[in-house]
There are 2 protein chains.
Amino acid sequence: MPEAAAVSGTPPGAGPGTPAEQELRLSIGQVAGRTGLSIHALRFYEREGLLVTPVHRGTDGHRVYTEWDLEWLEVCVRLRASGMPLTAIRRYADLVRQGTGNEEDRLTLLRQHQQHVTAQIAALTECLDLITFKIRFYEECRAQGPAQGPADPLLTPAVPPQS
Amino acid sequence: MPEAAAVSGTPPGAGPGTPAEQELRLSIGQVAGRTGLSIHALRFYEREGLLVTPVHRGTDGHRVYTEWDLEWLEVCVRLRASGMPLTAIRRYADLVRQGTGNEEDRLTLLRQHQQHVTAQIAALTECLDLITFKIRFYEECRAQGPAQGPADPLLTPAVPPQS
DNA sequence: CTAGGGCCTATAGTCAGCTCTAGGTCAAGC
DNA sequence: GCTTGACCTAGAGCTGACTATAGGCCCTAG
């Protein structure tokens, strides 16, 4: 992770005049490379309104992504990776698009997702316990040699203490 | 979680004669209630070969689940909840169905999934960091009063230290 | 005797989230 | 001048995991 993923307020350009910031201008292919999203997915995300503003176009009609777009997309990727559905990301994008004043709504949305992710981690940790328990069980079977394994087909003792 | 989820070897009944164990016999509706799976999903899982053995039927053709079936299903639920695809669960069920002798294969399968889950937890934890960072950012915005918020639309400083 | 509930089969439909195809534009290089 | 490669749009198709529907059986209660 070389670059820092940022973005929190409103996209620039809405500001006074967009001074000639020597921004980097990325093609869709480059953004795909950096975000890990496919070119298809990038176009799809834009169509779905996940992008706060539609991406600027060059004279040839090709998409030109700014640093800000990239950072926003990186946030999207994280949110998706943590299971936020596209509809929720779109709602978040909508709020950002509307500009300042709805920080409470953004907080609510983020807090909900925070809870969701926390719950996911807890659930996964429980599952991991079960899996680890079973792995240990089979390792012990093996350690005791092929003859010593639970001879009777009926072997159902493999219960974690209390999950 | 009142009951312990178990199951590790081969289903009983393959053993000598199935002595008259006073097993509990559950209807599909009861199993749905206990596992959290829908009745539809239970039939679906069976069709898909996730169940080691097809469920026994009563005289009326209705499914009769044993304790063992229930426990196996609870394991399935955990595996699913941790993102194991149905195809992998089926492979696991296949191994169990084949009986003892393939413990190494089972171990491999479980270890792979263990890694997968561990990676998932790590990824989620990273995402959680970002979300928590953003939440703090908005909380600070709010704490500083509506006038003090980042006045300029261009506010893109919200970066976690190094994720 | 009929209404309801719980179950059965088989098959169709749904949903999210992409992914792919067809058909086309444009600029650079051989 | 032709090919190659990166991009464009619109729209169809796919995958995984269910979920719902249609049509039917059987038992029990009113």
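Within every chain, numbering begins at 1; the chains are lettered A, B, ... in the order of the sequence lines, protein sequences first and strands thereafter.
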State yes or no: are the ring centers of W72(B) and Y45(B) separated by less than 6.0 Å? no
So that I can tick it off, tell me whether R91(A) and D94(A) are bridged by a salt bridge, with the cut-off set at under 4.0 angstrom between side-chain N and carboxylate O. no
Nucleotide by nucleotide, 5' to 3', does protein get under 4.0 Å of the base (B), only the sugar-phosphate (S), or neither (-) in nucleotides 5-14 of chain D, counting heavy atoms? --SSB-----
What are the two closest non-hydrogen atoms of I28(B) and L42(B), and how far apart are they? O-CD1, 3.6 Å
Do any side-chain nitrogens or oxygens of Y45(B) fall under 4.0 Å of OP1 or OP2 in dC18(D)? yes
How close or far is atom P of dT9(C) from atom CG of L42(B), stated in whole angstroms? 13 Å
Can you tell me how far P of dG17(C) sits from CD of E48(A), to the nearest Å? 9 Å
Under the salt bridge (Lys or Arg N to Asp or Glu O under 4.0 Å) rule, what pairs show up with a residue in residues 108-120 of chain B, not counting sequence neighbours? E139(A)-R111(B)
Is there a donor-acceptor contact under 3.5 Å from the side chain of Q30(A) to the main chain of S27(A)? yes
Residues in side chain to side chain donor-acceptor pair (under 3.5 Å) contact with R63(B), at least two apart in sequence or another chain: E46(B)
Once you round it to whole Å, what is the distance between C1' of dA10(C) and CD of E46(B)? 14 Å
Separation of dC18(D) atom C1' from R90(B) atom CZ, nearest Å, is 14 Å
Once you round it to whole Å, what is the distance between C1' of dC8(C) and CZ of F44(B)? 18 Å
